Amino acid sequence: MSLKLYNTLSRKKELFKPINPEKVGMYVCGPTVYDHAHIGNARPIIVFDVLYRLLRYLYGEAHVTYVRNITDVDDKINARAAQEGVSIGEITARTIKQFHEDIKALGVLPPDKEPRATEHIEGMIAMIKTLIERGHAYEADGHVLFSVSSDQSYGCLSNRSPDEMRAGARVDVASYKKDPMDFVLWKPSPQEARGGGGAGGKQTSLPGWDSPWGYGRPGWHIECSVMSEKYLGKTFDIHGGGADLIFPHHENEIAQSTCAHGNAVMAKYFVHNGYLQVEGEKMSKSLGNFITIHDLLKTEKFGGRKWPGDVLRLVMLKTHYRQPIDWTTKALEQAYGELYGWKEKILSLKVSFQEGNRDYYSGFPPAKTVIDHLKNDLNTAGAIAELHKLAKADDISDGHSLFATLNFLGLASFDSMARFETYQEGTTIIDDQDINVGRVEELIDNRNAAREARDWNEADRIRDELDAMGIVLKDGPERTTWEIKR
RNA sequence: GGCCACGUGGCGGAGUGGUGACGCAGCGGACUGCAAAUCCGUAUACCCCAGUUCGAUUCUGGGCGUGGCCUCCA
């Protein structure tokens with residue numbers, strides 16, 4: 001059992017001990033839905049999906065609850081709606097749909113709960129009330145602010161003291177704050193915006209809800225404190241997200257939750273994934289290297305081609321989740337070769353993905369060596385090394401094991417393998433490519449006729465023609481197979 | 001300026017106080033009309049300095065380098 005996880009709270013790898021092994025809870029901060037999710041957003045989605053799968057394996061599927069929220073009230077959303085001249089609801093609905101399509105291709109399991117901020121406004125108001133009653137928050141100039149000085153342990157997660165942060169502050173402080181560190185729990189929306197996004201009414205620039213402090217909207221952090229309590233309880237096991245959320249988001253969540261709950265610990269383990277860069281540079285719109293999941297899957301913007309979702313996933317898993325990762329074309333190409341090499345190996349071992357085999361393979365356990373690596377703070381790179389070892393095997397049960405392990409890691413499914421098998425002849429993915437299969441096979445027939453006649457010039461000419469189409473041939477002992485050039 | 005993370009062979013990337021993971025590329029060989037694929041074999045590393053130690057890439061200190069965070073709204 002002994003799962004070890006690096007806990008940001010202690011900055012150490014710790015033995016994971018669930019509060020209740022019958023009910024393991026994990027909360028992960030999901031996307032703010034104002035634009036396509038970018039590849040940096042994909043990292044926590046994939047990392048925590050692996051952790052979710054591992055927890056389900058260790059504690060049983062029925063005993064793990066994974067909550068990943070959707071932030072659908074945020075000023076970035078408001079700005080986007082105003083910019084496009086459409087309603088806030090239109091922006092969020094469109095973005096959520098796109099998000100789900102994108103991450104489905106990444107092989108992630110749906111979380112057990114996917115709560116939305118706008119559906120929990122009442123809970124937020126209630127928690128803010130409690131914080132005011134307990135002297136942890138105050139109303140000022142239409143805002144409600146959390147009083148950082150009222151929380152003795154503020155800074156425990158990000159390991160900084162409020163004093164240091166005050167000294168280092170570089171931003172002008174709003175005049176209504178008692179302390180520069182105080183952060184917003186509730187802020188006013190203009191009355192003329194009434195009927196806006198929050199209530200789903202006419203198009204306006206700002207959403208709002210009635211509250212004891214007037215018409216307004218919640219600050220960013222309060223939603224996670226409220227929703228995690230609602231679905232997982234006051235104290236739960238794992239809280240995850242990107243390292244960029246450590247401060248201020250998670251720090252503020254902890255402050256809100258512990259103060260609202262009479263000092264109960266919010267989450268026992270805080271787990272954070274590292275940053276992602278693109279070709280050695282920080283990803284930013286101004287640098288022009290901003291890359292979305294959708295761009296990678298469906299366009300040729302990155303590396304001049306489309307990339308299969310399982311390849312994107314493997315690239316993420318090849319680097320340990322806490323390490324920085326550099327997103328490069330080269331890394332994608334290499335992962336492509338590795339992943340499809342494994343898949344070809346599985347088929348070469350005569351593992352068949354005909355419908356009747358589905359149940360048999362689904363019951364095949366993942367390799368223990370891989371599980372062992374994952375139990376060591378999600379050492380996916382070590383796990384992948386084990387996959388390479390498995391792939392050296394040469395009997396069918398090893399093929400089953402390799403498939404089961406890839407399946408466990410979300411890198412192959414029965415359906416994707418069945419599709420792959422149908423196109424066997426060595427093809428990789430045809431799905432997203434515009435390949436005229438009939439034409440390809442016709443040319444191959446012509447070439448083989450030329451080879452039969454020992455007309456090597458013509459045979460080579462046809463191979464060059466196919467090469468120009470992006471097709472690579474392999475002359476086997478029985479027949480000629482082909483695949484899309486990688 | 002404060003805080004944090006990271007620095008391994010041509011590239012990616014684990015790990016460890018003492019037998020130099022793993023993959024890709026490279027090189028040699030088998031196979032092949034030629035290729036591709038596949039198979040076998042193989043060289044190359046632990047940012048710098050000092051300390052602890054019988055011994056450090058692994059621990060400690062310093063330096064250098066890279067990246068990140070330093071409060072909603074702007």
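Here the structure is a predicted model, which is why all the values come from computation and not from measurement. Chain A is the first sequence line, chain B the second, and so forth, proteins listed ahead of strands; every chain is numbered from 1.
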### Task
Take atom CG of A:L466 and atom P of B:rA37, then tell me their distance rounded to the nearest Å.
16 Å
### Message
Check A:R53 with A:D49, please: is the shortest side-chain N to carboxylate O separation under 4.0 Å?
### Response
yes
### Task
Determine, for A:Y138 and A:K178, whether the Lys NZ or Arg CZ falls below 6.0 Å from the six-membered ring centre while staying within 45 degrees of the axis.
yes
### Query
In whole Å, what is the span from the NZ atom of A:K187 to the P atom of B:rC72?
9 Å
#### Entry: Under 4.0 Å protein heavy-atom contact, by nucleotide of nucleotides 21-27 of chain B - B base, S sugar-phosphate only
BSBS---
### Query
When A:D72 is tested against each of A:T92, A:T118, A:T32 for side-chain hydrogen bond (donor to acceptor under 3.5 Å, both in side chains), which residue passes?
A:T118
### Task
Would you indicate whether the side-chain heavy atoms of A:L157 and A:F247 approach each other to under 4.5 Å?
no
### Message
With a 3.5 Å cut-off and heavy atoms only, can you find an N or O donor on one side and an acceptor on the other between the side chain of A:D74 and the base of B:rC72?
### Response
no
### Message
I need the NE2-P distance between A:H272 and B:rC3, as an integer number of Å.
### Response
20 Å
### Message
What's the closest nucleotide to the side chain of A:V472 if the choices are B:rG67, B:rA14, B:rA36?
### Response
B:rA36
### Query
Across the strands shown, which category fits A:W456 at heavy-atom distances under 4.0 angstrom: base, sugar-phosphate, nothing?
base
### Query
Rounding to the closest angstrom, what is the interatomic distance between B:rG10 and B:rC3 at atom P?
35 Å
### Rounded C1' spacing from B:rA21 to B:rU57 in Å
14 Å
### Query
Closer to the 5' end of RNA chain B via nearest nucleotide, is it A:A459 or A:D326?
A:D326
### Message
For A:R447, is there an ion pair with A:D475 - N to carboxylate O distance below 4.0 angstrom?
### Response
yes
### Nearest-neighbour nucleotide for the A:K177 side chain, B:rC72, B:rA14, B:rG33 considered
B:rC72
### Query
Touch check for A:D460, heavy atoms < 4.0 angstrom, all strands: base, sugar-phosphate only, or nothing?
base
### Task
Establish whether the base of B:rC34 is bridged to the side chain of A:R463 by a donor-acceptor pair shorter than 3.5 Å.
yes
### Euclidean distance, atom CD of residue A:E458 to atom C1' of B:rC34 [Å, nearest integer]
15 Å
### Message
Closest approach to the side chain of A:K474, judged atom by atom: which nucleotide of B:rA37, B:rG68, B:rC34 is it?
### Response
B:rA37
## Note on the structure
Between A:A391 and A:S158, the residue closer to the 5' end of RNA chain B by nearest nucleotide is A:S158
#### Entry: Interatomic distance at P, B:rC48 relative to B:rA25, whole Å
29 Å
#### Entry: Residue A:T319, side-chain heavy atoms: nucleotide from B:rA36, B:rG33, B:rG13 that is nearest
B:rG13
### Task
In whole angstrom, give the distance that lies between atom CD of A:E253 and atom P of B:rC72.
16 Å
#### Entry: Pairwise P distance, B:rA35 and B:rA43 [rounded to whole Å]
27 Å
### Summary
Closest to the side chain of A:K282, out of B:rC72, B:rC69, B:rG7, is B:rC69
### Task
Could you tell me whether A:R451 contacts a base, only the sugar-phosphate backbone, or nothing, with contacts defined as non-hydrogen atoms closer than 4.0 Å?
base
### Query
In terms of side-chain heavy atoms of A:Y176, which of B:rA5, B:rC73, B:rC34 is nearest?
B:rC73
### Query
Atom CG of A:D455 to atom P of B:rG33: distance rounded to whole Å?
16 Å
### Query
Do you see a donor-acceptor pair shorter than 3.5 Å between the side chains of A:S257 and A:E253?
no
